[in-house]
Amino acid sequence: MSQGIIHHYRKYLPIAEEAIVTLHEGSTPLLPAPRLAEKIFPGIELYLKLEGLNPTGSFKDRGMTYALSKAVESGARGVICASTGNTSAAAAAYAARAGLKAIVVIPEGKIALGKLSQALMHGAVVYTIKGNFDQALVLVREVAATGKVIIVNSINPYRLEGQKTAAFEICDTLGDAPDYHVISVGNAANITAYWAGYKQYHREGKVLTKPKMLGFQASGAAPIVLGRIVKNPETIATAIRIGNPASWKPALAARDESGGLFDKVTDKEILQAYRMLARLEGYFCEPASAACLAGLLKLAKKGFFKKGDRIVATLTGHGLKDPDTAIKNSGKVKRISPKAGEILKGL
Ligand code: F0G
């Protein structure tokens, strides 16, 4: 059993032993998805990196274990972040584990319920603003500049260092890099981190190849695809409802260096992929995570893939984070009279 990514990838994540704050994150499954692959493009090999199975239910735990450990090492009293939900959940949990204060700033009314419940349960101070994530991040940067608290958004370099370990795990499991890595993009840190991880393993000779990075944004929040800031980003995938990504430039570099691409998918396409995954493979991710699967479907329809292509898709967060969206966009509960005959009608 892994004791978390810092212990597992110690040489990449240097830190004083006594400062380590971990919930034993990482070592997430790389699940083959043959039924979904068949629907997307017969003959491709598709693997799902189930990041929703991290301790707080999203990939954010990888960056947060290292950011909080470094905060402890530096003698910090508290941490702060802006968030569309998952970062705040992870920051709150790891701060609790470390015995530090966490302050989180979230956009009003646009946070999935599960994520809000996590931040509150872990005892974070939760502030909401009448604005979006981008505005919350500006505010949080200003507060962090006072030096009184440490920012644990992905502009904290330790976040990206931690998140790189997902790429290491994929290479360690497959024995090489995949042909394509597909991922949903919001603030653009995760795609940046994965690419850095793949490059590092390649440099060290641990893998012979590097994947092409395919990033997908929601069409109402697609600044990188459009090449301009989106002032009022809107999408059902609230986790990626971001109009001015902090890691915009390095994400473009990841695309260009890898020979990949960015594209956008509509909310309708996201919801379709979201249901498809749950029904074909028995795995439930949150809407933002499904954007990358919607992207795969879109590319496959254009004849982008060929037989034998090996694709890894990161499913960034667990479906239970956002039960409202799931219930509104799936089957209906039917009221029946309590008779066996009634029940068998559903078969
Ligand atoms: N998927 C999920 C479930 C997310 O929570 C996020 C980002 C992303 C994808 C996009 O990752 O920002 O590195 O490109 N969530 C952040 C948050 C912004 O505050 O929880 P990214």
Side-chain angles (χ1 to χ4, degrees), residues 49-54 56-64 67 80-93 102 104-107 110-112 114-116 118-119 124 126 132-137 140 151-156 159-160 162-164 166 181-197 213-218 221-225 233 235-252 254-255 262 265 270 274 284-295 313-322 325:
K49 184 68 172 159
L50 303 186
E51 289 292 276
L53 298 187
N54 275 300
T56 78
S58 88
F59 71 98
K60 304 288 180 180
D61 295 352
R62 293 182 186 274
M64 217 49 87
I80 190 166
C81 67
S83 183
T84 58
N86 281 323
T87 298
S88 64
V104 309
V105 185
I106 55 176
K110 297 291 182 179
I111 298 290
K115 303 173 189 180
L116 182 59
Q118 289 177 290
V126 179
N132 56 39
F133 169 85
D134 306 297
Q135 291 155 326
L137 185 57
V140 160
I151 193 163
V152 291
N153 278 105
S154 52
I155 53 175
N156 177 325
R159 282 276 313 277
L160 265 70
Q163 284 176 210
K164 281 198 309 198
H181 189 108
V182 56
I183 187 163
S184 305
V185 174
N187 214 20
N190 212 23
I191 191 167
T192 302
Y194 268 95
W195 180 237
M213 302 299 295
L214 311 177
F216 287 92
Q217 299 197 291
I224 299 179
V225 181
T235 168
I236 195 161
T238 52
I240 51 172
R241 189 175 162 269
I242 293 174
N244 186 14
S247 298
W248 194 326
K249 274 199 189 131
L252 285 178
R255 175 196 69 185
F262 275 100
V265 285
I270 291 173
Y274 174 61
F284 183 19
C285 72
E286 64 172 286
S289 311
C292 77
L293 300 179
T314 297
L315 298 181
T316 46
H318 201 284
L320 290 173
K321 292 266 191 180
D322 189 358
T325 303

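As the structure lists them, so they are numbered: ligands from 1, and atoms in each ligand from 1.
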Side chain to side chain, Ile183 and Asn190, heavy atoms closer than 4.5 Å: yes

Whether Asn153 lies under 4.0 Å from ligand 1, heavy atom: no

Side-chain heavy-atom pair Thr84, Thr238 within 4.5 angstrom cut-off: no

Nearest-contact summary for atom 20 (O) of ligand 1 - protein heavy atom, Å: Thr87 N, 2.8 Å

Aromatic ring pairing Phe284/Tyr274, orientation class (parallel under 30°, perpendicular over 60°, tilted between): tilted

Any side-chain heavy-atom pair of Ile240 and Gln217 under 4.5 Å: no

Closest approach of any protein heavy atom to atom 2 (C) of ligand 1, naming residue and atom: Thr316 OG1, 3.3 Å

Where ligand 1 meets Ala189 - atom numbers and elements under 4.0 angstrom, heavy-atom basis: 13 (O), 14 (O), 21 (P)

Heavy-atom nearest neighbour in the protein, as seen from atom 11 (O) of ligand 1, with distance rounded to 0.1 Å: Phe59 CZ, 3.5 Å

Any Ala188 heavy atom less than 4.0 Å to ligand 1: yes

Distance-only side-chain donor-acceptor flag, Ser58 / His318, under 3.5 Å: no

Ligand 1 to Phe133 polar contact by distance, N or O atoms, under 3.5 Å: no

Pairwise side-chain contact, Ile151 with Cys81, heavy-atom cut-off 4.5 Å (strictly under): no

Polar atom proximity, Ser88 to ligand 1 (N or O, under 3.5 Å): no

Those atoms of ligand 1 less than 4.0 Å from some heavy atom in Thr84: 15 (N), 16 (C), 17 (C), 18 (C), 19 (O), 20 (O)

Ligand 1 to Asn190 polar contact by distance, N or O atoms, under 3.5 Å: yes

For atom 12 (O) of ligand 1, closest protein heavy-atom neighbour: Asn187 N, 2.7 Å

For atom 15 (N) of ligand 1, closest protein heavy-atom neighbour: Lys60 NZ, 3.0 Å

Heavy-atom pair of closest approach, residues Ser289 and Thr316: OG-OG1, 2.7 Å

Atom 4 (C) of ligand 1: the protein heavy-atom neighbour that sits closest, reported with distance to 0.1 Å: Ala239 CB, 3.6 Å

Any donor-acceptor pair under 3.5 Å from Thr87 side chain to Ser83 backbone: no

Partner of Thr314 under side-chain hydrogen bond (donor to acceptor under 3.5 Å, both in side chains), chosen from His181, Lys49, Glu51: His181

Contact check: Ala82 vs ligand 1, nitrogen or oxygen atoms, below 3.5 angstrom: no

Sub-4.0 Å atoms of ligand 1 with respect to non-hydrogen atoms of Val185: 14 (O)

Heavy-atom check, side chain of Asn86 versus side chain of Thr56, under 4.5 Å: no

Per-atom contacts, ligand 1 versus Ser83 - under 4.0 Å to a heavy atom: 17 (C), 19 (O), 20 (O)

Atoms of ligand 1, numbered as shown, that sit under 4.0 Å from any heavy atom of Glu286: 3 (C)

Nearest-neighbour protein heavy atom for atom 5 (O) of ligand 1, which is reported as residue plus atom name and distance: Asn86 ND2, 2.8 Å

Interfacing atoms of ligand 1 (cut-off 4.0 Å, heavy-atom, Ile242): 18 (C)

Minimum-distance protein heavy atom relative to atom 8 (C) of ligand 1: Ile240 CG2, 3.6 Å

Under 3.5 Å side-chain donor-acceptor pair for Gln163 and Lys60: no

Sidechain-backbone polar pair: Asp134 side chain, Leu137 backbone, donor-acceptor under 3.5 Å: no

